[in-house]
Amino acid sequence: MGTQRILWIIYSVVNLFISLSSAAQQQPLHTIIDAAPKRVAVIGAGAGGSFAAYELRKLADAANIPVNVTIFERASYIGGRSTTVNAFDDPAYPTELGASIFVEVNQNLMNASRTLGLNVRGAAYERPGETDDSIGIWDGSQFVFTLKDSSSWWNIARLFWRYGLAPLYTQNLMKRVVGKFLKLYEEPLFPFRSLSEVAEAVGLLNVTASPGDAFLQANSISELFSREIIQASTRVNYGQNLPLIHGLESMVCMATDGAVSIHGGNWKIFEGVIEASKAELRLNTAVTEIVKTDKGTVQITSKPTSDLDSAQQDESEFDEVIIAGPLQYSGISISPPLEHIPDDIPYAKLHVTLFASPHRISPEFFGLHGKDAQAPETILTTLPEGLNLGTNPRGVGPAEFWSISTLRMVTRTVIKDGQPHLEDHFVYKIFSPERPTAQFVADLFGIEFSHGGPGMVTVAPDNATIGDLPESEISWFHEKIWNPYPLLYPRVTFEDTLLAPGIWYTSGIESFISTMETSALMGRNVAALMVQSWEREKDEKNGPLKLRTEL
Ligand SMILES: Cc1cc2nc3c(=O)[nH]c(=O)nc-3n(C[C@H](O)[C@H](O)[C@H](O)COP(=O)(O)OP(=O)(O)OC[C@H]3O[C@@H](n4cnc5c(N)ncnc54)[C@H](O)[C@@H]3O)c2cc1C
Ligand SMILES: *[C@@H]1O[C@H](CO)[C@@H](O)[C@H](O)[C@H]1NC(C)=O
Ligand SMILES: *[C@@H]1O[C@H](CO)[C@@H](O)[C@H](O)[C@H]1NC(C)=O
Ligand SMILES: *[C@@H]1O[C@H](CO)[C@@H](O)[C@H](O)[C@H]1NC(C)=O
Ligand SMILES: *[C@@H]1O[C@H](CO)[C@@H](O)[C@H](O)[C@H]1NC(C)=O
């Protein structure tokens, strides 16, 4: 009995040993290891970060790789530079404070909007459309061109009358350039490690290498059309003149076909794709540190945005991290230090002033007189003939603002003489390199700067701003300073997508083309690269194993 029992124990132990050692070589155990989800941290819930999470979910599910994505966002909202504020603080009137428009060729945004069932509307949908001339191009002393919004033959006739065939040539040039760019969306170029290499491959490096004015000249676009129309567009879109901004971004400014926005705010796209990604979203949470560990993972330190000095911090381990916003503004320290640190890129500084008023833009401000005079609803600007500010980033010139647009009309109930009245108010947006003064706004609307009843002051003090104007004249306002996009100087290299093993970066694309769409594209791109590397890893593991099972 005793011997038998001992034999049985030996037998079981040996058996256990055998089963353990063979299990170690069998697939099931590997499957268990593989089943641990890939942990990805995404820093930033803007276009880039949200589309990275969305694509990770799609591709990892398709490849049967479990993935756990955590999005860190230091702001209290989704969308980054694409966000709305409510006019009159009323949720019925969300108004874009950042990126307002995307266009037909923006496949990532268009497709996601469709998939998510969002309400996509023509960009001018809410504009009052009351004036005959919807767009005027102001050079600081005159309107060099005015345009009716509809693409009526009259518009076209006026365009050809003044500019000859330049509009057609520009259209064709733009289509060729956009066609090259769209190759980045497809195999064999997508997904790409190096933006510089694929830009070269599609023939766009000589477009980014030359300033807009030189590029247009080389392509026989007339100086008049370039300065009056194309430059008005580079100024409203990027606050930059043609001698500064590179050829590619100048062409992007002319790709306006099918301009749309999302009802309620473009950020709804990013909210929708984050939800579809099933990522865990941590708002109000700033990442302060990324540490590469000896295991090859990354340790992410984050803190509540409201209390960055606090000792209260969270440390979590991830397999990979995506930095989805400009590194230079992220406040993140990386250790060990990167071998190559992305260059600090000069960014534009833009004042966005949203406000409402019962007044219309004063025609007199623009030197238009007579009782039928009307100012255009949208006023773009350019430099007057003969004034070349070259590559100076402070290039606004005599107009002093980049653009003023009438966004919509809202009927308000106001109390006058103790009685409620219905009054039409207009919501406006000014883009300018400096904060608009109260005097500028007052002049623009023909408002008297009256302060404090009798003996009132009619000239605003130099330091007065829009909030100092009476509420009866300016019924609501919101001011914001952005670093909206880089100063798009000509260049031929762009930041790589991988800063170090496991540390990915999307914002290199901003110096190439700076839009919501390109950030979304780059987010998808790094996600696709990451999933590809996981698949290679899986194949390497499974390859020799299969051989063993066959044996
Ligand atoms: C006024 C204005 C007008 C514009 N107009 C247009 C337009 O009409 N059409 C268009 O396509 N584009 C436009 N743009 C540009 C467009 O907004 C940007 O190109 C795009 O939104 C950038 O997206 P992103 O995800 O790359 O970066 P962001 O939107 O900047 O997102 C980065 C996110 O990362 C977060 N973050 C940064 N650091 C940390 C950290 N340490 N921890 C946690 N979170 C962090 C930020 O809070 C931010 O939410 C405009 C921009 C502005 C400001
Ligand atoms: C995903 O990762 C986060 C952050 O580490 C963690 O809190 C969460 O529990 C994980 N979820 C799953 C399903 O593993
Ligand atoms: C968008 O959808 C169209 C039509 O289904 C498809 O051909 C295209 O590849 C899609 N593009 C992207 C970037 O998803
Ligand atoms: C840029 O290079 C492409 C080919 O790579 C060529 O077709 C095109 O003409 C060049 N454009 C300019 C402006 O030099
Ligand atoms: C504006 O300037 C006046 C005097 O020049 C000063 O008294 C006042 O405090 C200033 N106001 C602001 C808001 O800076």
Side-chain angles (χ1 to χ4, degrees), residues 36-52 55 58 66-83 96-103 105-112 114-115 123 182 184-186 190 236-239 252-253 256 259 261 266-267 270 278-280 282-290 300-303 305 308 314-318 323-333 347-348 350-352 354 402 429 431 480-486 506-510 513-524:
K38 288 287 184 187
R39 299 159 302 175
V40 183
V42 175
I43 304 171
S50 62
F51 270 79
E55 192 71 6
K58 281 205 260 187
V67 59
N68 177 355
V69 181
T70 307
I71 304 177
F72 294 89
E73 171 54 63
R74 68 179 168 197
S76 59
Y77 63 91
I78 290 174
R81 277 169 276 169
S82 174
T83 187
E96 296 287 2
L97 184 62
S100 54
I101 286 173
F102 58 102
V103 295
V105 290
N106 292 166
Q107 293 177 20
N108 288 299
L109 301 180
M110 283 291 181
N111 288 9
R114 200 177 329 114
T115 308
L182 289 176
L184 304 191
Y185 282 58
E186 292 163 12
F190 185 90
V236 62
N237 284 302
Y238 294 107
V252 166
C253 292
T256 55
S261 61
N266 295 324
W267 56 269
F270 311 125
K278 301 188 196 129
E280 181 181 314
R282 298 198 191 157
L283 293 175
N284 302 304
T285 310
V287 171
T288 54
E289 205 178 349
I290 300 173
I300 303 283
T301 305
S302 61
K303 294 181 180 181
T305 308
L308 287 178
D314 179 82
E315 284 173 9
S316 312
E317 195 186 22
F318 293 89
I323 303 171
L327 184 62
Q328 70 198 61
Y329 296 131
S330 70
I332 298 173
S333 73
Y347 269 68
L350 178 71
H351 287 257
V352 175
L354 294 173
W402 303 116
K429 179 187 275 187
F431 282 177
K480 167 80 183 170
I481 305 177
W482 289 105
N483 286 123
Y485 17 69
T506 61
S507 296
I509 201 162
E510 287 194 43
I513 300 176
S514 182
T515 57
M516 295 183 281
E517 171 71 12
T518 38
S519 281
L521 174 69
M522 201 46 142
R524 280 187 52 222

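Note that ligands are numbered from 1 as they come in the structure, with each ligand's atoms numbered from 1 the same way.
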Option with minimal heavy-atom separation from [atom], where the choices are [options]:
atom: atom 39 (C) of ligand 1; options: Arg74, Arg81, Lys480, Met522; value: Arg74
atom: atom 3 (C) of ligand 1; options: Ser100, Gly98, Ala324; value: Gly98
atom: atom 12 (N) of ligand 1; options: Ser507, Ala259, Ala99, Ser519; value: Ala99

query: Any N/O of Arg114 closer than 3.5 Å to an N/O of ligand 3?
result: no
message: If the condition is ring-ring contact (aromatic ring centres under 6.0 Å, His included), which residues does Tyr329 pass it with, not counting sequence neighbours?
response: Tyr347
message: Heavy-atom distances under 4.0 Å decide this one: backbone, side chain, both or neither, for Glu186 against ligand 3?
response: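 Neither part.
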query: Which of the numbered atoms in ligand 3 are below 4.0 angstrom from a heavy atom of Arg524?
result: 13 (C)
field: Ligand-residue contact atoms, ligand 3 with Asn108, heavy atoms, under 4.0 Å
entry: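 So the atoms of ligand 3 that pass are 13 (C).
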- request: For Glu96, check side chain to side chain donor-acceptor pair (under 3.5 Å) against everything at least two apart and list the hits.
  value: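 In terms of side chain to side chain donor-acceptor pair (under 3.5 Å), with neighbours along the sequence ignored, Glu96 is linked to Asn266.
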- request: Mind checking whether Thr285 contacts ligand 1 via backbone (N, CA, C, O), side chain (CB onward), both or neither, at a 4.0 Å heavy-atom cut-off?
  value: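 Just the backbone.
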Ligand-side contact atoms (ligand 1) for residue partner [X], heavy atom cut-off under 4.0 Å:
X: Ser330; result: 38 (N), 40 (C), 41 (N)
X: Val287; result: 40 (C), 41 (N), 42 (N), 43 (C)
X: Ile332; result: 41 (N)
X: Gly79; result: 29 (O)

Ligand 2: protein residues within heavy-atom distance under 4.0 Å: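 Answer by chain and number: Asn68, Thr70, Glu280, Arg282.
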Pairs satisfying side chain to side chain donor-acceptor pair (under 3.5 Å), at least one member in residues 66-76, at least two apart: none
